[in-house]
Structures are given as C-alpha cells and as structure tokens.
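Reviewing the structure listed below.
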Number of protein chains: 2
Amino acid sequence: MENVAHILLQKKIRPSVQRVKVLSYLLEKRNHPTVDMIYTELHPQMPTLSRTTVYNTLELFRENQLVNTLDFGEGSLRYDAFCSPHCHFECEECGQVFDIETPPPAIDGLVPSGFSLSRTSLYLYGKCRGCRRESTL
Amino acid sequence: MENVAHILLQKKIRPSVQRVKVLSYLLEKRNHPTVDMIYTELHPQMPTLSRTTVYNTLELFRENQLVNTLDFGEGSLRYDAFCSPHCHFECEECGQVFDIETPPPAIDGLVPSGFSLSRTSLYLYGKCRGCRRESTL
DNA sequence: TGACAAATTTGTAATTATTACAAATATATA
DNA sequence: TATATATTTGTAATAATTACAAATTTGTCA
C-alpha cells in the first residue's frame, strides 16, 4: 500500500511497483522467504517480474537496513523485514522459520581480548509444535 | 598418522589414504577449512585426489559425528573437527575463523511451548586482534 | 596366490543459487 | 516534448555442490 511506499521514501528509495510488492510481501507474510519463494508468489501477478529484480531489490533493502539475511545452511538465503534484535527457529521437519522474540543472548566477555564484535547470529533448530503433534498421531 | 586411523576405525570407517589425510588436515590445522581449502592443500601431495572425494569424505565424517559444518553465510560451508559445544568467530577482514571455547549460551525457555530444540548455532562476526592492529598502524 | 565381490575413488556432467552485464523500459527533469 | 537518469529485464557467467557411472583399490576366500 501507500504505507509501504512511505517506508521506502523515508530511506530515499524510489517506490517502484516491484519494490513495493517485494517489501509488502515481506511485511505481510512474515515468513522469512527465500528469493525463490518471493519470485514464485509474485510472478503470477507481475508476469514481467525478473528473478534478478528480486535479488537486486533485496540487496538494496539490505544496504538500507530494511531487511536482514538469514542463513540456516540450506543453500539459499532467507530474508527478514523485521530488524529488531531477535532469534530464529527453523523446523527441521517442515522448514518453516519462526521468530523468537528474545534478543540474542549477551555474549560480552566471550570474545578474546583485542577482538571487536560487530554482530552475532543465533540459529535454533528443532521441531515446531505442528510437526511434533503430527509425529505422535 | 596411525593415531588418526584409529579414530576412523573406532567409527568403523575404513582408513583409506584419502580419509586419513583429510581428517589429519582438520585435526592439525584447526582452521575450519572449506572444501576448496582442503582440496587445494592436499592436491599437490596426492595428484589423483578428486574434489568429489573431499565432499564424500566430509559427508561421511559428518554422518559419524567426526565433524560439524559451519555456515557463516559466505556461500561455502566450513568444517570443524572439534565437536565439543563451542562458538565461532569469523573475522570480517581476513576471513579467519576462531574457536570461542564457551558453550553456546543457554536458551532454555526461549522456544515457544510445544517446540523441541535439537541444536543451536551461534555465530560471532567482527575483527580479530591482528586485523584491528593493522587498521590502526 | 589368484579370482571375485565389495568398497572407494575419480572425473565428468547436472543442478542450484547467485552475480555480471548489457539492452530495454520507465521515470524525472528541463 | 526531449533528454538524462534510474530501474528492470533476460541471458550468460560463476561457484558450490550433487549425481552418477567408470575405474581403481581392497578384502575375502578357495
């Protein structure tokens, strides 16, 4: 919506149709999608959309701190439009990613002296509620 | 050495030349290498070594809990032959990976009820001592 | 020891995610 | 409206990894 366009304008990013759609997708779905998930979902509505545009757009968003990348070690990156400090849980069964609304644990004092820390990522792996339920039915 | 062959035999893995060399490399260097680093270093001594063998060998080691994979989001996996619970720090300047000999922080209670946790990975990013020193010279 | 079976290694080809890049299109400005 | 600038697109390149079948090595047993 207009809402999303404003977010882009605040970052001095021109709100093209493609950019607004990609950011809207991220904000509405909150599903930490891969490039392929975004492309596959938006392509039917925008037949001219290019995969490259999705890559370019996400990279632009990342440079402007509108998204963070997540790497669960599956071979492709995921994107998160919620940049508050929080952790992520990936279900090893269904692949869904869940937000854990707790900031990553303090690790002050962990790094050797003389080192400087710029950021940390904590990834949690396991089974989500739905998948656990299924396996006990 | 023979030492390394014994480790493999304990896991009922036949200690072929290639397997012993790859595991020795990991244990001696402790440098969390990528497949390419291993291949590049071992190839001169073993001209017939194949990259595929390195991949196969590491996968076999992983299945037998002899190594863990690390994914710092650089596009290629790294391998760690020390499986005690500890964290990793990657220098954003020189790319070196350092062990942080502290177990990943307890995150009990972080996961939503009904979820089960199987493992966690904590990645730290920043500048190592050497690179900080260089930048202030 | 020699022959055969099983395990391992090798090299090439396929696959997948991502990036490079130039042409085409759309947008903004004068 | 003309022109410069920004954006998008599509194709081709790159890089990591996997698939797979042929070649080699190793182990077993007569």
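Here is how names work: the chains are called A, B, and so on, in the same order as the sequence lines, proteins then strands, and each is numbered from 1.
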Nearest-Å distance, [atom1] ([X]) to [atom2] ([N])?
X	N	atom1	atom2	result
A:Tyr39	D:dT9	OH	P	9 Å
B:Leu49	C:dT8	CG	C1'	13 Å
B:Lys21	C:dT10	NZ	P	12 Å
A:Leu42	D:dT8	CG	P	13 Å
A:Met37	C:dA17	CE	C1'	15 Å

Presence of [X] side-chain N/O under 4.0 Å of [N] phosphate oxygens OP1/OP2:
X	N	value
B:Tyr55	D:dT17	yes
A:Thr48	D:dT9	yes
B:Arg14	C:dA6	no
A:Thr53	D:dT9	yes
B:Gln18	C:dT10	yes
A:Arg19	D:dT7	yes

Query raised in the report: In a check of side-chain contact (heavy atoms from CB on, under 4.5 Å) between A:Lys21 and each of A:Leu42, A:Thr57, A:Leu26, A:Leu49, which one passes?
Result: A:Leu42
Closest listed nucleotide, where the reference is the side chain of [X] and the choices are [options]:
X	options	answer
A:Thr52	D:dT17, C:dA20, C:dT10	C:dA20
B:Ser16	C:dT10, D:dT8, C:dT8	C:dT8
A:Asn56	C:dA17, D:dA16, D:dT8	D:dT8
A:Leu77	C:dT18, C:dG11, C:dC21	C:dT18

Query raised in the report: Does A:Arg51 or B:Gly75 map to a spot on DNA chain D nearer the 5' end, using the closest nucleotide for each?
Result: A:Arg51
Query raised in the report: B:Val20 and B:Ile7: same hydrophobic cluster, using ILVMFWY side-chain contacts below 4.5 Å?
Result: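 Per the 4.5 Å side-chain linkage, B:Val20 and B:Ile7 are co-clustered.
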Query raised in the report: Just by distance, do the side chain of B:Lys11 and the backbone of B:Asn64 share a donor-acceptor pair under 3.5 Å?
Result: yes
Report task. Please confirm whether the backbone N or O of A:Arg14 pairs with a side-chain atom of A:Arg19, one donor and one acceptor, at under 3.5 Å? Result ->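 Present.
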**Report entry** B:Ile13 or B:Pro47, whichever maps to the more 5' nucleotide of DNA chain C
**Finding:**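 Its nearest nucleotide lies further toward 5', so the answer is B:Ile13.
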Report task. Decide salt bridge (charged side-chain N to carboxylate O under 4.0 Å, His left out) for B:Lys29 and B:Glu41; before the verdict, give the C-alpha distance in whole Å, the side-chain angles of both, and the deciding distance to 0.1 Å. Result -> CA-CA 11 Å; B:Lys29 296 277 180 142; B:Glu41 184 124 354; 2.4 Å; yes
